[in-house]
Structures are given as structure tokens and as C-alpha cells.
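Here is the structure we will look at.
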Amino acid sequence: MAFRRWAFRRLRLDYPRANRNGVRRWLPSWRQTALVFLFCFGSLLSALSYVYWKTEIPENLNEFATQQDNVYYWADGTEMARTGPVNRQDIALEKVPEKVQWAVLAAENASFYSDNGISPSGLVRAVSKMVTGGETQGGSTITQQYVKNAYLNQKQTFSRKLTEMFIAMKLDDKLSKEEILEGYLNTSWFGRGTYGIQRAANAYYGKNVSELNVSEGAFLASLLKGAGSLDPAVSRASHRRAEERWEWVLDRMVEIGKLSKKERARYTKFPEPIEPPRQVGLSGQTGYLVDTARAYVSSHTDISDAEFDLGGYQIHTTFEKPRVQALEEAVRTTLRGLDPKARSADRNVRVGAASVAPDGRITALYGGPDYLKQGFNDANASNVPAGTVFTPFVYAAALRDGVQLERGGERVPVSPDTVYDGDDKVAVHTPEGPYWSRDGKIVRGSNDGGRSWGRIPLRQAVEDSVNTPMMQLGMDVGLDRVRQASVDAGLLPSSFGGPRVPVFSLGTATPSAIRMASAYGTFAADGVHAPPYSVASLSRNGDKVPLETSPAARAFSPEVANAVGDALQGAVLRGSARKAAEAGPGVAGKTGTEKDDKSAWFVGYTDTQSTAVSLSRLDPKTQELLPLTGLGGADASRTGSTYPIDIWTRYTRQAPAS
């Protein structure tokens, strides 16, 4: 009993102290002070333990940390454009030189491989803010900085700092040090709009990170302290600060034993970065090229739009910059003859053009005057009727499949010398007799200018662009066979939306300039069609991504392809396309006009390229085609236009040889 009373007195809080007088009565004893301290410390430790227990590593990185830019390259490997909100590209840690890694560690966290992911001094500073409030400050480990970059935000509040440290401790247990360092290097800001050390190496030294030496790596490591004030290109003061920080990083590497004094002595000259690269945009033709390549990736891989938009892809295109520039210049120079202010017929003119190599590479295209002003790509448009540039496919189908002159009868072979009626207004026939239209009239063909040519061989009908023999030939071959022959050559089935009537052979189909150039290229390639493609290779963060490819296929025998080629060369040498002969020897091609004069074409090829140029006028309100009548001040009685062949000739004459 006495013991319990003694214990109660010992536990009772003796405050104010009974056996003290004056001020001393209000001063706590050392035991009381220790008790209060232990109580507060225990409470704080319990609170921190609870918060640590409740803190979880987020399942996903924040969207900004995982988003990268996609980079498009010209055929020669130089950069063409970047798309995406940030300039970032992930790189595997193994591709970062070891001494560059240690330059970063020396600058930011030399004890990285031995610490548990947090800085004790940083923890003390953060906790001290619990009472005083305000913002926390630096001192973070690389693990903490990675957590901040990848999972949280850049605010320096106490709650964010505390969460950062707890996640860092858990992340240090979950991931290897190498994984954490790789993530940090890929999410850190290095200035010049770059995130990640790979993009930084390119922005400051024009090379991949794997090519950096330790001196250059030390400079990039310096930028992690504050790239905005350490870019030497910004000012002399920034240059001076950058040099000082660079020297400190190298000295620090010596201090921690990661760089020998002998090697350090070799780096006495500051590794001057290159001038800041200009932002590569999508203006001019670039946007059309990017859209074309992007569409190819979409249709030839299983990469979803959402995955692609996360970035990190390197798209190596087939586009040759000199050819693209030459084609754009040819279009602009030729169209200078138009005067839209003075002539209404010169308004709303649209030109689409493309070049395709025999192996299917799209080497150049012209999609419009400027992607930022007109986003629609006229090189890939499917609203412009082919007109009479389609007739070589009718000719090829006849040479390949023959004709059927009697219903149910045997098919009869034809040759370039087979004679057809070339008179104007001649009636179109079926095996049963004249072809009647739905309005009860006999369908008759018409030739340009109403000219009658008499009976002429098929080769000449192609050379001189005589319509009536081609309409009849299409009926004799069978319009389904004509359609199939053009698809085999390279046109898309979706180009054929109209009915199978006699005028079908005069080009009611609406192929793109890309597809028309590709299809003519089949004749140049001895009858073998190689599907057009705009992306030579695709990778993500340096790792190759497979592309689905379609093999080349034979559409026509070499004899048929060469016969069509002979007629197309004849059109240039002595027929309707003589202007194209100015481009040089060996040119083959065909002019074309739509029956209602709403489109004009020229498609031709050399040994190395097949190029198609289309021209039309499009009402901006209704999106309907307008007649070309009077374009460029031409006589109203003339149909078609010489602009496509002028563009083709100027371009082919000036374009560099492949």
C-alpha cells in the first residue's frame, strides 16, 4: 500500500514544482524536460512512421515525365522535324559512358550507390519547416530528384518534400540503383528545351550521349544545378558560371576517385557547346511530309495513336531534302504566272505532286503552299479525277488480257499496232451493238478539239491522247479488267467510286499523286510494282521497331510494260507531251485532262523517278471542283492546263540525280 502511494507521487506531474520558490518554481526539472522531449520526439516519430506506412509508390509516372518528342529524319539521316510537347528521348543507362555517369553523380550525389535514397540533412531541414512553415530547399539525393521529376511536381512545399523522401526510400528498396539513375538521367531538365541527357547531348554538342567524353559530360552535369543560368550561349556571365561549375565537377570527380589527376590535367579547355539549334517546325512542306510518314507508321505497325503520342520514336523517312526543295521551287516558279487578284479563274488553285523511286521510296512531295496555312495534303488527295493520264492502264490491260469482241467468245490478243477508230463522236459499242445511256442516247466519245484521227494504231492513240479509241478499247477489254490492271499497277481500290460506264476509261477514278506516280513507276520497272512507302526504318529510344512491308509484285510482263513505256516515250518525243522532252533523254509520260475540265495532270518518269503532278481548283465553301477554264489567262476554248507539265519539266530538269 505504501509502495503504491509512493509510485503515484512519483508519476504525478509536479508542476509548478512544490518544493521551489519564486521563478525556480516555474522552471521544469531536467527530468521533466527530458520527458517532454521524449514525448514530442515519440509523437513525431509515430506520425512520420504512419505517413511512411501510408505512402505508396504511384503506379504510373506522371504524364509529363513519360512524354517524349518524336523525331523525323530526312533520307540522309539529318533531322527534319520534331513533334510532341517536350524535347525528350529516353536512353538506356548502358549507352551513357561510365565517366559521364560519374560526372553527374559527382555533381549531384556522390554517395548515390551507398545511401538509402534520402539525404538526412535534407530530412532535418524538411522537418524543421513543420514548425516554421514556408518552403523547403535543396539537398535532395538523385533518388529524390527522380521521384520529384517522375512522380510528383516541382513545388518546394513541405508536404511534397516529405512525400518525396518517403517515396524515395521505398523506391530505393524496389528498384536497383542503375534503374533509378537511368530514370533520373531521362527525366532531368538540361536547358535549351531538352529533357534527358540524350537530347541534351544533341542540343549542346550535336552528338549522341554515347559519343560524349568526360569533359563534355562534366558540362552537362553542371547544367543540373540550374541550366537556365549556366548555358554559355545566354550571356558572358552564364559562360563564366558554366566554366567554373565545369571545373568544379571535374575536380570533384578526382576527389571521389573517379577521375585520375593525370586525366584531369588533359581537360584544361572548356568544351564549348554548339550554338543553340533553331526550333524545327512544321511550316512549308515539312508538315505534309510528317503527316505522310505518321500515316504510314499508323497503317504499318500495331502502335496505337495513344502510344505514339507518348513519343520517343525516331522515324527515318525516305524523303530527300534536295528533291523536296526542287519540287516546291518548281511549283512556286510555275504558278507565278497566275494572278488571283485580277482573274477569278486563277483563284483557289490546288497542286499536288509526288516522286516515287522504282523500289517504292517516296522521295519528294508537294502538299500545298504551307502546312501551317493549308493543312490538307494535296499530294495525298483522293478527290481529283485522273482524266486521261488513266488511259495507259486501259492500254496495259488490253495488252495483258486481250479483248472480247463477242459475248461469251474467246479473248483476242491485241498489240500496239492494233487499229481502232479515232474519229470524233464515234459511237461506243458492245458486242450486241451501240452502248445506250440511261437517258436513251447512244454514247459517243469526243476528242480534244473535236479532231477526227481516222483509224489509228493503239500506240498512237496513247501518244496523241486520242480519247475515242481508249473508250472503245476499255469496253472491249472489260471495265472490271481495266480496273484490276490499274490496281495491280498501284492504284488503290478506293480510288474507284463511280459507275462502270464507257467514260470510266477516261479517268473517273480519283487516285492521289503519290499513287499515280507509283503506278506509272510500274511501267518503268518492267511491270513490277513496289508499294510506295515513306518510312525506311522506325525505332523507339534507339531500339528498332518492326514495320510491316508489302513485297513487290509483278503486275505486267516486261513485254507489256515496255510496250506501254514505248507509247509514253512517244508521247514525249512526238505526241501530246513534247514539252517534257526538255527534261532530258529517256523521258516517258502522259498529259491528262478530266472530261469536264476540272483537273489536269502530267505523270512521267525517268530511269530513277516517277513523278505525278495534279492541278485543280477547289471551292473553299462547298469543297467542289471548279472548271479550269481561263486559268492563267488561257483562251476559254482550251481545256486542261499546261501548268502540270511545266512543273514536272522544271522539277525533273533541276532535281538532283539519285
Side-chain angles (χ1 to χ4, degrees), residues 61-91 186-204 206 208-209 276-321 324-325 328 354 361-380 514 533-548:
L61 301 181
N62 66 54
E63 183 178 344
F64 184 72
T66 59
Q67 203 157 22
Q68 307 175 57
D69 62 335
N70 292 319
V71 188
Y72 293 78
Y73 298 92
W74 293 101
D76 64 3
T78 58
E79 185 177 319
M80 179 172 70
R82 298 175 187 167
T83 61
V86 296
N87 183 9
R88 187 203 313 276
Q89 179 187 338
D90 285 352
I91 194 76
N186 284 323
T187 56
S188 295
W189 184 61
F190 286 85
R192 295 192 177 182
T194 63
Y195 289 82
I197 197 167
Q198 168 68 4
R199 279 284 166 260
N202 184 264
Y204 288 95
N208 291 321
V209 66
R278 295 182 179 181
Q279 185 65 36
V280 181
L282 299 180
S283 61
Q285 297 305 301
T286 304
Y288 303 118
L289 304 176
V290 166
D291 271 2
T292 302
R294 171 69 186 93
Y296 187 86
V297 170
S298 180
S299 62
H300 289 78
T301 69
D302 58 2
I303 301 169
S304 68
D305 290 343
E307 289 174 316
F308 193 81
D309 288 344
L310 286 177
Y313 291 94
Q314 297 81 52
I315 304 96
H316 294 266
T317 75
T318 60
F319 303 121
E320 299 176 11
K321 187 174 183 179
V324 172
Q325 292 174 332
E328 181 179 27
R361 288 175 295 117
I362 305 173
T363 58
L365 60 80
Y366 177 88
D370 189 325
Y371 180 78
L372 298 183
K373 297 177 181 178
Q374 176 199 300
F376 185 78
N377 184 356
D378 285 317
N380 203 31
I514 293 173
Y533 64 97
S534 56
V535 178
S537 65
L538 177 69
S539 60
R540 189 169 196 273
N541 302 326
D543 297 323
K544 190 173 183 180
V545 177
L547 282 165
E548 296 175 4

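In this chain, numbering begins with 1 at the start of the sequence shown.
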We want to know whether Ser539 and Gln314 form a side-chain donor-acceptor pair, criterion being a heavy-atom distance below 3.5 angstrom.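 Judged by distance alone, the side chains do pair up.
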
Would Asn208 and Gln198 count as having a side-chain donor-acceptor pair, cut-off 3.5 Å?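 Yes, a side-chain donor-acceptor pair sits under 3.5 Å.
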
Rounded to the nearest 0.5 Å, how far does [atom2] of [Y] lie from [atom1] of [X]?
X: Asp291; Y: Leu282; atom1: CG; atom2: CG; answer: 8.0 Å
X: Gln89; Y: Arg82; atom1: CD; atom2: CZ; answer: 9.5 Å
X: Thr363; Y: Glu320; atom1: OG1; atom2: CD; answer: 5.0 Å
X: Asp90; Y: Asp543; atom1: CG; atom2: CG; answer: 10.5 Å
X: Glu307; Y: Thr301; atom1: CD; atom2: OG1; answer: 8.5 Å
X: Tyr73; Y: Met80; atom1: OH; atom2: CE; answer: 11.0 Å

Do [X] and [Y] have side-chain heavy atoms sitting under 4.5 Å apart?
X: Asp378; Y: Tyr366; value: no
X: Asp305; Y: Ser298; value: yes
X: Ser534; Y: Thr317; value: no
X: Val71; Y: Arg199; value: yes
X: Tyr313; Y: Val297; value: no
X: Phe319; Y: Leu365; value: yes

For Tyr72, give me all partners under ring-ring contact (aromatic ring centres under 6.0 Å, His included), at least two apart in sequence or on another chain.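 With neighbours one apart ignored, the set is empty.
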
Residue list, ring-ring contact (aromatic ring centres under 6.0 Å, His included) with Tyr371, at least two apart or on another chain: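 ring-ring contact (aromatic ring centres under 6.0 Å, His included) check on Tyr371 returns Tyr288.
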
Using atom types as modelled and distance alone, determine if a side-chain donor or acceptor of Ser283 lies under 3.5 Å from a backbone N or O of Leu372.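 Not at all, since once roles are kept as given, no pair shorter than 3.5 Å links the two residues.
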
Within the distance-only criterion (no hydrogens, no angle test), does the side chain of Asn541 pair as donor or acceptor with the backbone N or O of Ile91 below 3.5 angstrom?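 Side chain of Asn541 to backbone of Ile91, a donor-acceptor pair under 3.5 Å: no, none is there.
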
Mind telling me whether Tyr533 and Tyr296 have parallel, tilted or perpendicular rings, with 30° and 60° as the class edges?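 Tilted.
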
